[in-house]
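Structure record follows, encoded as structure tokens.
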Amino acid sequence: MNLLRRVTQALLLAAAVAAPATAKECPDPSAGRTVHLVYAVYLGGIHAVDLNIDLALGCDGYRLDLSSKVEGLMRYILPWSLRVRSEGRVREAGLVPERAHTESSWRGKRRWTTLEFPDGRPVIVSAQPSRKPPDVPPEEMQGAIDIASGVLSAARAVTRPGSCAVRLPVFDGRRRFDAVFEALGEGELPRSRLSAYSGKATVCDLSIENLLGRRKQTDYGGLASGERTMTFWFAPLFDGIHPLPVRIQQDTDLGGAIGHLTSARIDGDGEQPAYALPP
């Protein structure tokens with residue numbers, strides 16, 4: 001279970017990038033769209049987890065809901081689940097989170113962390129198991145955002161093919177770290193029975209730096225050790241929406257962990273394409 005949890009922690013970072021900023025022009029302030037994304041995560045070639053993401057996108061706000069589902073025989077070996085919600089406002093300077101909640105369950109035992117962000121600083125308002133505030137200098141906490149809001153912001157950096165370089169201050173309830181995205185240029189994803197997308201994509205590397213507070217070298221699939229990175233591919237799927245991740249990949253102790261986009265659609269917009277696995 002530990003390895004799967006670590007890998008999914010890491011994939012959460014990349015999957016959460018799927019929440020794009022809203023389009024710059026928005027004639028109706030109350031307008032909004034909901035994007036639905038599904039990723040199949042393979043570990044060592046075995047289909048282990050599906051990640052489902054619903055993105056409510058408005059002109060001045062966002063909400064992300066993520067849930068996991070363990071697949072196949074894995075569900076008998078690993079009775080585990082994950083749910084994430086993040087919501088906040090969209091501003092010219094970036095995303096401003098208001099509330100974030102992460103909850104997991106292992107054999108019926110629930111663990112969660114709820115954050116709020118008064119005055120631009122994350123505060124733990126509820127946690128199970130309960131924990132003391134981490135030993136992080138106050139100046140390092142100012143402006144730090146939750147995981148989902150942090151990597152949501154990375155999508156805003158993909159403004160042209162080959163671009164995604166950004167450094168994001170993140171606090172997850174135990175650690176304060178920087179999520180660092182590096183642009184690797186453009187790549188081509190071939191047609192595959194595992195993926196709903198094929199074609200050109202912007203390739204980016206994610207690493208973690210400057211961890212403060214409680215941490216383990218194995219956190220986030222080994223990204224916290226500084227010895228591993230995660231690579232993912234962004235592609236423009238919908239008009240008016242920033243590029244979304246269509247593939248996620250990272251090496252693990254049990255082989256490669258790969259997340260493929262298997263489904264993507266927008267509610268209430270019949271003019272937009274829908275993506276599904278090839279027949």
Side-chain angles (χ1 to χ4, degrees), residues 2-20 37-51 53 64 66 68 82 84 86 102 145-158 162-172 174-189 192 194-195 197 201-211 215-235 242-262:
N2 284 339
L3 179 58
L4 180 59
R5 175 176 56 81
R6 295 167 192 166
V7 170
T8 309
Q9 273 184 325
L11 290 172
L12 169 61
L13 282 171
V17 177
L37 304 166
V38 180
Y39 296 86
V41 181
Y42 289 78
L43 180 60
I46 299 173
H47 184 187
V49 179
D50 278 344
L51 296 179
I53 299 176
L64 176 147
L66 178 147
S68 70
L82 174 70
V84 174
S86 179
T102 301
I145 53 184
D146 64 287
I147 294 173
S149 296
V151 291
L152 284 177
S153 303
R156 298 166 65 94
V158 188
S163 69
C164 57
V166 65
R167 177 183 290 266
L168 303 164
V170 177
F171 177 67
D172 66 0
R174 294 192 300 167
R175 294 144 294 214
R176 161 67 177 87
F177 61 85
D178 285 353
V180 182
F181 295 85
E182 178 185 1
L184 300 183
E186 285 194 284
E188 185 84 17
L189 289 177
S192 167
L194 300 179
S195 176
Y197 176 83
T202 295
V203 187
C204 306
D205 245 13
L206 167 64
S207 61
I208 287 178
E209 293 183 5
N210 303 335
L211 282 81
R215 62 172 177 169
K216 297 179 180 178
Q217 294 296 88
T218 53
D219 284 342
Y220 294 98
L223 294 182
S225 69
E227 298 176 356
R228 289 178 176 170
T229 63
M230 177 190 300
T231 303
F232 52 96
W233 289 255
F234 289 107
H242 282 281
L244 308 175
V246 292
R247 179 183 171 99
I248 309 156
Q249 185 169 338
Q250 184 188 1
D251 290 334
T252 75
D253 294 337
L254 292 183
I258 303 176
H260 297 281
L261 178 71
T262 60

**Request:** Please name the pair of heavy atoms, one in V49 and one in L51, separated by the smallest distance, quoted to 0.1 Å.
**Result:** CG1-CD2, 4.1 Å
**Request:** Answer with yes or no after comparing the ring centroid distance for Y42 and H260 against a 6.0 Å cut-off, counting only values under it.
**Result:** yes
**Message:** If you define the side chain from C-beta out and look only at heavy atoms, does anything of L206 sit under 4.5 Å from V180?
**Reply:** no
**Message:** Return the CE to CD1 distance between M230 and I208, rounded to the nearest 0.5 Å.
**Reply:** 8.0 Å
**Asked** Any side-chain heavy-atom pair from T102 and D146 closer than 4.5 angstrom?
**Response** no
**Item:** Nearest-0.5 Å distance, CZ of residue F232 to CD of residue Q250
**Value:** 11.5 Å
**Request:** Give the minimum heavy-atom separation between P245 and Y39, together with the two atoms involved.
**Result:** O-OH, 2.8 Å
**Request:** May I have the step-by-step check of side-chain contact (heavy atoms from CB on, under 4.5 Å) for V170 and D178, ending in yes or no?
**Result:** CA-CA 6 Å; V170 177; D178 285 353; over 6 Å; no
**Prompt:** At their closest point, which heavy atom of I147 faces which heavy atom of D172, and how far apart are they?
**Reply:** CD1-CB, 3.7 Å
**Request:** Indicate the atoms forming the closest heavy-atom contact of L64 with A148, along with that distance.
**Result:** CD2-CB, 4.3 Å
**Message:** Could you check whether any side-chain heavy atom of L37 comes within less than 4.5 Å of a side-chain heavy atom of L261, counting everything from C-beta outward?
**Reply:** yes
**Request:** Starting at OG of S68, measure out to CG of D50 and round the result to the nearest 0.5 Å.
**Result:** 9.5 Å
**Asked** Is there a donor in the side chain of S207 and an acceptor in the side chain of T229, or the other way round, less than 3.5 Å apart?
**Response** no
**Complete:** The reported gap from CG in D205 to CD in E182 (rounded to nearest 0.5 angstrom) is 6.0 Å
**Message:** When you compare the side chain of R247 with that of I258, does any pair of heavy atoms fall below 4.5 Å?
**Reply:** yes
**Request:** Tell me, please, which residues at least two apart from S195 pass side chain to side chain donor-acceptor pair (under 3.5 Å).
**Result:** none
**Request:** Using a 4.5 Å cut-off on heavy atoms from C-beta on, say whether the side chain of L43 contacts that of V41.
**Result:** no
**Request:** Would you check, one step at a time, whether the test ring-ring contact (aromatic ring centres under 6.0 Å, His included) holds for F181 with F234?
**Result:** CA-CA 12 Å; F181 295 85; F234 289 107; 7.5 Å; no
**Request:** Please tell me if the side chains of P169 and F177 come closer than 4.5 Å, counting only heavy atoms from C-beta onward.
**Result:** no
**Request:** Let me see the working for L189 and Y197 under side-chain contact (heavy atoms from CB on, under 4.5 Å), right down to the final yes or no.
**Result:** CA-CA 8 Å; L189 289 177; Y197 176 83; 4.2 Å; yes
